[in-house]
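Contents: one structure, followed by commentary.
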Amino acid sequence: MSWLPAIRFKDIRYWLPLSRPATDLFAAMLLEASSSGMRRASSGSSEMPYGLIAQLRQDPALAIFTAANMGPEYSGQTVTWTQLASHWTSQLSSVFQCGDSFLGSPTHREQLLPLWQELHRIFLQMPPSQWLPCANQWLSLTGPKLAASMKRKWPKAIEDTDFNSSSPVNMVGGGAGYYAESHLPLSVLARQTNRYRAIHQQFDDALQQAKMASIKQFAYGLSHEINNPLANISARAQGLLRDESDQARKGSLQRIIDQSHRAHEMVADLMFYAHPPVPHRTDVNFGTVLNNIACQLRATTLERGIAVRVIEPVTPIRALADGAMLAEATRALVRNAIEAIGCNGRIELSVRLREASKTTRTICVTVRDSGPGLSEEAVRHAFDPYFSGREAGRGLGVGLCRVERIAKLHGGGASLKAGPAGCIAMFWFHE
């Protein structure tokens with residue numbers, strides 16, 4: 001393929017050459033985005049590939065094409081190399097997928113080749129800030145002179161100061177090899193890699209649905225088989241505790257009761273994860289929620305020497321949400337922090353409001369603790385059911401994945417950040 005997609009203005013199409021180095025680079029980017037998407041079940045790699053900015057700086061035709069397609073928000077602005085490269089990382093697949101963009105491409109490529117070579121040589125001797133004002137020299141080879149009304153929709157210049165401007169541009173000549181015909185069809189490659197990502201995403205979705213169905217079935221069976229014995233154990237222990245006078249035995253019986261309740265809560269957590277209820281939204285004051293949780297767990301934190309601080313917002317934050325669910329999610333994060341600290345530490349609770357748009361607000365609840373840090377693997381799997389983070393003193397169970405489930409039921413999510421010491425857990429939702 002020797003052409004970039006057409007630059008359109010009304011019914012006129014302008015054509016710019018696609019160099020062989022750019023073809024090879026874009027092919028590598030498409031394949032990397034595809035493999036990254038399969039690994040992460042995402043739409044592609046968000047990282048800027050190495051060498052992309054360098055290619056733009058030595059390929060004036062590619063830089064002009066990129067600037068011409070940057071969008072109306074860049075009209076009349078000075079763009080940077082990073083912005084040009086970011087355009088390709090986000091739009092690469094869609095740019096080459098549209099077959100219509102290549103319809104009507106010129107057939108006299110051989111006659112244009114020496115003109116491209118000469119323009120390439122001349123432009124590399126110019127400052128990049130002059131490339132866009134002089135773009136007509138390229139476009140007029142395949143179409144009429146660029147209309148002023150179209151040019152006003154473009155950025156006005158390329159800034160040459162945000163990418164190691166002290167290093168010279170590699171002055172690649174405009175020889176025949178630079179615009180050599182490539183047998184690698186980027187349009188086909190773009191469609192195929194996008195198709196593979198879609199298939200992989202469908203597979204991941206189907207697998208997730210099957211896993212959730214299995215967990216749901218397992219949770220129902222576990223609830224029936226485990227809860228009944230747990231209820232009997234707890235009831236018998238409570239009966240014995242009422243008549244017991246020996247303090248040591250009373251302590252042992254109380255531990256049996258506590259552990260029975262803990263096991264019951266674990267089963268309930270699994271049931272909630274597999275088959276959560278629909279949130280019942282009411283008006284919730286988040287400052288009140290955080291203070292209530294701090295009060296509920298005060299006896300435990302005082303006993304362990306853990307200081308709990310609630311940072312209330314200057315202006316009360318209220319939202320329509322399931323207050324019981326969100327309080328439960330916050331309580332789970334605080335309990336996780338208490339288990340991690342053990343004794344003598346600090347926990348900080350806060351809530352903040354972020355305006356995502358005029359109609360959407362994002363509310364974020366954060367719990368910071370001074371406990372041991374988590375490894376990268378522990379952070380990566382923290383929201384998996386029954387993943388053990390015992391190396392950091394954090395318990396085994398579905399508490400954190402229940403937090404994430406509650407956040408997702410409210411249209412949000414949850415995250416965990418950790419360093420060598422301390423941990424920051426948060427969940428957020430949109431209103």
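- In this structure a side-chain-to-backbone donor-acceptor pair under 3.5 Å is missing from H87 to Q83.
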Working note: W428 + I363, criterion side-chain contact (heavy atoms from CB on, under 4.5 Å); need CA distance, chi angles, decisive distance, verdict. CA-CA 5 Å; W428 62 89; I363 296 170; over 6 Å; no
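- R309 and E348 are joined by a salt bridge, as a carboxylate oxygen and a charged side-chain nitrogen come within less than 4.0 angstrom of each other.
- Residue K151 qualifies as enclosed at atom NZ: its count of foreign heavy atoms under 6.0 Å is above 12.
- Taking all atoms of both residues into account, the shortest heavy-atom contact from L4 to P17 is CD1-O, 3.6 Å.
- The side-chain contact (heavy atoms from CB on, under 4.5 Å) with V351 is formed by just one residue from the set L326, I311, L290, T366; it is L290.
- Residues E404 and K408 meet the side-chain proximity criterion, which asks for heavy atoms closer than 4.5 Å.
- Side-chain polar atoms of N292 and Q296 form no donor-acceptor pair below 3.5 angstrom.
- Closest heavy-atom contact between I7 and M150: CG2-CE, 3.4 Å.
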F286 vs V365, side-chain contact (heavy atoms from CB on, under 4.5 Å): CA-CA, chis, key distance, verdict: CA-CA 9 Å; F286 283 87; V365 175; 4.2 Å; yes
Between E328 and R402, does a side-chain contact (heavy atoms from CB on, under 4.5 Å) hold up when you go through it step by step? CA-CA 9 Å; E328 185 178 349; R402 183 165 183 163; 2.3 Å; yes
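- In this structure the side chain of L62 reaches within 4.5 angstrom of the side chain of F26, judged on heavy atoms.
- Residues Q55 and Y178 approach most closely at NE2-OH, 3.2 Å, considering heavy atoms.
- The backbone N or O of G251 lies less than 3.5 Å from no partner atom in the side chain of Q254, so there is not a single donor-acceptor pair.
- Residues E339 and R304 approach most closely at CA-NH1, 4.3 Å, considering heavy atoms.
- A salt bridge links R318 with D283: the closest approach of a Lys/Arg side-chain nitrogen to an acidic carboxylate oxygen falls below 4.0 angstrom.
- In this structure the side chain of L241 reaches within 4.5 angstrom of the side chain of I257, judged on heavy atoms.
- The two residues A85 and L52 have their closest heavy-atom pair at O-CD2, 3.5 Å.
- Side-chain atoms of L409 and F429, non-hydrogen and from C-beta on, never get closer than 4.5 Å to each other.
- A donor atom on one side chain and an acceptor atom on the other are found under 3.5 Å apart for N291 and E312.
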Hey, mind stepping through F9 and L146 against side-chain contact (heavy atoms from CB on, under 4.5 Å) and telling me if it holds? CA-CA 9 Å; F9 178 62; L146 189 67; 5.5 Å; no
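- Under the 4.5 Å side-chain criterion, counting only non-hydrogen atoms from C-beta, L18 is not in contact with F65.
- A donor-acceptor distance shorter than 3.5 angstrom exists from the side chain of E244 to the backbone of D246, with no hydrogens or angles considered.
- Between L349 and V308 the shortest side-chain heavy-atom distance falls below 4.5 Å.
- A donor-acceptor contact shorter than 3.5 Å is absent between the side chain of S234 and the backbone of A231.
- At least one side-chain heavy atom of H120 sits under 4.5 Å from a side-chain heavy atom of P60.
- The CG atom of L56 sits 5.5 Å away from atom CG of L84, with the distance rounded to the nearest 0.5 Å.
- Between C343 and E303 the shortest side-chain heavy-atom distance does not fall below 4.5 Å.
- Between W88 and T66, the side chains place a donor N or O and an acceptor N or O closer than 3.5 Å (distance only, hydrogens not considered).
- The shortest non-hydrogen separation linking R13 to A6 is CD-CB, 3.8 Å.
- When atom types are taken as modelled, the side chain of S370 and the backbone of R346 share a donor-acceptor pair closer than 3.5 angstrom.
- Looking at W138, its side chain never comes within 3.5 Å of a backbone N or O of L16 through a donor-acceptor pair.
- In the model, H264 has a side-chain atom that pairs as donor or acceptor with a side-chain atom of N227 under 3.5 Å.
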